[in-house]
2 protein chains.
Amino acid sequence: MQDTFKALATVSLVTQARDCILRAITIGEFLPGQRLVEGEIAGRLGISRGPVREAARLLEQRGLLVSLPRRGFFVRAFEEKEIEDLYELRECIEVAAVRAAVSRASEAGLRSLGERHRKIISLTQRGREPELIEAIVAFHRSICVLSGNGRLIRLFDEIAIEVSQILSVLGVAVGDPGRPIEVQGSLLEALEARDSRRAAREMAHFIRHAKAEVMEHYRRRHPLEDGRPTQSPPPRPARGQVRNPANMKMGGQQ
Amino acid sequence: MQDTFKALATVSLVTQARDCILRAITIGEFLPGQRLVEGEIAGRLGISRGPVREAARLLEQRGLLVSLPRRGFFVRAFEEKEIEDLYELRECIEVAAVRAAVSRASEAGLRSLGERHRKIISLTQRGREPELIEAIVAFHRSICVLSGNGRLIRLFDEIAIEVSQILSVLGVAVGDPGRPIEVQGSLLEALEARDSRRAAREMAHFIRHAKAEVMEHYRRRHPLEDGRPTQSPPPRPARGQVRNPANMKMGGQQ
DNA sequence: TGCTGGCCAACTGTCAACAGGCCGCACTCT
DNA sequence: AGAGTGCGGCCTGTTGACAGTTGGCCAGCA
């Protein structure tokens, strides 16, 4: 009965286009520096260019795309410094979140966090990399949720997208399998013990560790760019078609 | 000679429209909850609706507008909780910024910060409220700049816009004239002494003080909404014309 | 061979128009 | 009188088209 009357409030084309582009960026289908041709995307999605442009504007404001006048949109390419800055911001955000969570989280909230932690453990043991990353992100997001600060959650989500873009582009796998469990286990303990200082310390350590790992991957990947400025906003605009013409169907946000 | 060849790269209409709407929001011409009629704005600016829509999308992503399907864009109205969350975030950001600035700021950077501080003092003595607010914001922004973290600066700018919107809507004036100088003076001293803990403490105190002041204004303004949920996304869509049909010329970003 | 200048295709920025939903209002029926 | 219903205007969401610009390509020339 309730199926017959499914909500017909169709999601706007802008939202759908945004989610499609977003997904293409996070999974690394659209590579940094790559040019996005409006007409191409619109054609592939079967819509007109208007909604695609609006979606691109949204992502521009988020910092995932940059726009050059009369040239169009490009996937943002991270410089080394920008990755460092991002992780520094992430540390400050998540440390604040866990501090707030210590004093505000309910018992039920902590239990559900424990649930997520168990999921991380089981996924680690079964060696399922992609879901594991997802679960770790979910764990950290939960801490933001427990902080009770909606603005913090929104910011975390933005940062998480950029981080996962970086991870996927650099091909970073979650490091030694033992560590994340351990760290997140300590975090959980500190939260349960309502130990603000320890929780903050663990969180900071974790993020610095993650940062170091990512930066090492980055340097391994860009060994020569150490000395020179390397400051062409989109590094070689790469006029050309998108990489993978298939595999970009409609229907995010479901 | 160099004047004869001024850059003729005209700023895109989207950018100009965005800045116009932004200004209208920050100075309180567009009030929270107010509906923005695309055609109206486009007509007043002498352009078509397309760029206006894209500009609105930008501001939506920043959280300054909310969009309801088939209803259009509304100026975002802050709930009490959202203001608290915003200030909590601001504290975490600026404390992190001043900490980083302590260890990274150059002597020249500190001197220019001192310059800004003197400007605050002189404006306070002359009692020029609007420029004073501007100068205080500039002072705090400088600290973010001294932190050397570009991402932090971007986030500060976003937050600053929201804060100034709140201040202007609530009609908050900068409190007792003595305080800000005093606080920012201590901040400056701590930075010059490279005293990270003291700088962080002063910053946190300042922002908590500002928050308390704003919240008091808010509660004075919305005394009845304490108990009830008050959760209609845009509080009464207020179908109707914008408040001040004049005074919204083109040409932000100059 | 290397450089200059013009030509061309592609793509962006912008606009005007169309279809359809939402809101307010008047009208009708109970 | 009050509630429900149908109508009409206003406004959004989307589209297709047009003009202008950008960058690449190629011929011509030193």
Side-chain angles (χ1 to χ4, degrees), chain A residues 7-21 30 33-60 65-75 232-242 245 250 252-253, chain B residues 7-21 30 33-60 65-75 232-242 245 250-251 253:
Chain A
L8 41 86
T10 170
V11 191
S12 79
L13 295 186
V14 175
T15 307
Q16 297 181 61
R18 181 201 56 181
D19 291 337
C20 287
I21 301 175
F30 288 168
Q34 185 175 332
R35 179 184 197 169
L36 298 191
V37 179
E38 300 172 0
E40 157 109 19
I41 296 175
R44 224 201 293 175
L45 260 39
I47 60 179
S48 78
R49 282 173 45 219
V52 173
R53 282 179 64 88
E54 288 182 37
R57 291 286 178 209
L58 283 172
L59 298 175
E60 178 193 9
L65 299 178
V66 294
S67 82
L68 271 59
R70 295 273 170 202
R71 302 274 317 278
F73 293 92
F74 296 83
V75 180
S232 54
R236 224 173 329 143
R239 189 182 198 84
Q241 307 310 54
V242 290
M250 275 305 228
Q253 180 103 208
Chain B
L8 41 87
T10 169
V11 192
S12 78
L13 296 186
V14 175
T15 307
Q16 298 181 61
R18 180 201 56 178
D19 292 337
C20 287
I21 301 176
F30 288 168
Q34 186 175 333
R35 178 183 198 170
L36 298 189
V37 180
E38 300 171 1
E40 158 107 21
I41 296 175
R44 224 201 294 176
L45 259 38
I47 60 180
S48 79
R49 282 172 47 217
V52 174
R53 283 179 63 89
E54 289 182 36
R57 290 285 177 208
L58 284 171
L59 299 175
E60 177 193 9
L65 299 178
V66 293
S67 81
L68 273 57
R70 291 274 167 202
R71 304 274 314 277
F73 292 93
F74 297 82
V75 180
S232 54
R236 226 172 330 142
R239 188 184 199 86
Q241 307 312 53
V242 289
M250 274 303 230
Q253 178 103 213

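Residue numbering restarts at 1 for every chain, and letters A, B, ... go by the order of the sequence lines.
In this structure, CD1 of A:Ile41 is placed 12 Å from P of C:dC11, rounded to the nearest angstrom. Atom CZ of B:Arg71 and atom P of D:dT12 are 10 Å apart (whole Å). Put simply, CZ on A:Arg18 is 13 Å from P on D:dT14, counting in whole angstrom units. For the pair B:Glu40 CD and D:dC10 P, the interatomic distance rounds to 13 Å; values are reported in whole Å. The distance between atom CZ of A:Phe73 and atom P of C:dA10, rounded to the nearest whole Å, is 22 Å. Across the protein-nucleic acid pair, B:Gln16 atom CD and C:dG13 atom P stand 14 Å apart, rounded to whole Å. Nucleotide D:dC11 holds its P atom 17 Å from the CG atom of B:Leu68, rounded to whole Å. Protein atom CD1 of B:Ile47 is 11 Å distant from nucleotide atom P of C:dA16, rounded to whole Å.
Within the 4.5 Å cutoff, no side-chain heavy atoms of B:Arg35 are placed close to those of B:Phe73. A heavy-atom distance below 4.5 Å is not found between the side chains of B:Phe74 and B:Leu36. Taking the side chain as every heavy atom from C-beta outward, B:Val66 and B:Val75 never approach each other to under 4.5 Å.
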Item to check | Pair B:Val14-B:Leu58, side chain to side chain contact (heavy atoms under 4.5 Å, CB included): steps then yes or no | outcome: CA-CA 9 Å; B:Val14 175; B:Leu58 284 171; 4.0 Å; yes
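Residue B:Arg70 places its side chain closer to D:dT12 than to any other of D:dT12, C:dT12, C:dC23. Relative to the side chain of B:Leu13, the nucleotides C:dC23, D:dT12, C:dT14 differ in distance, and C:dT14 lies closest.
Projected onto DNA chain D by closest heavy-atom contact, A:Pro69 and A:Gly46 fall at different nucleotides, the more 5' of which corresponds to A:Gly46.
Of the residues in residues 48-57 of chain B, those placing a heavy atom less than 4.0 Å from an atom of DNA chain D are B:Arg49, B:Arg53, in numerical order.
When atom types are taken as modelled, the side chain of A:Gln16 and the backbone of A:Val11 share a donor-acceptor pair closer than 3.5 angstrom.
Closest approach of A:Ala55 and A:Arg18 over heavy atoms only: CB-N, 3.5 Å.
For the salt bridge (charged side-chain N to carboxylate O under 4.0 Å, His left out) test with A:Glu38, the passing option among A:Arg49, A:Arg44, A:Arg57, A:Arg71 is A:Arg49; the others fail.
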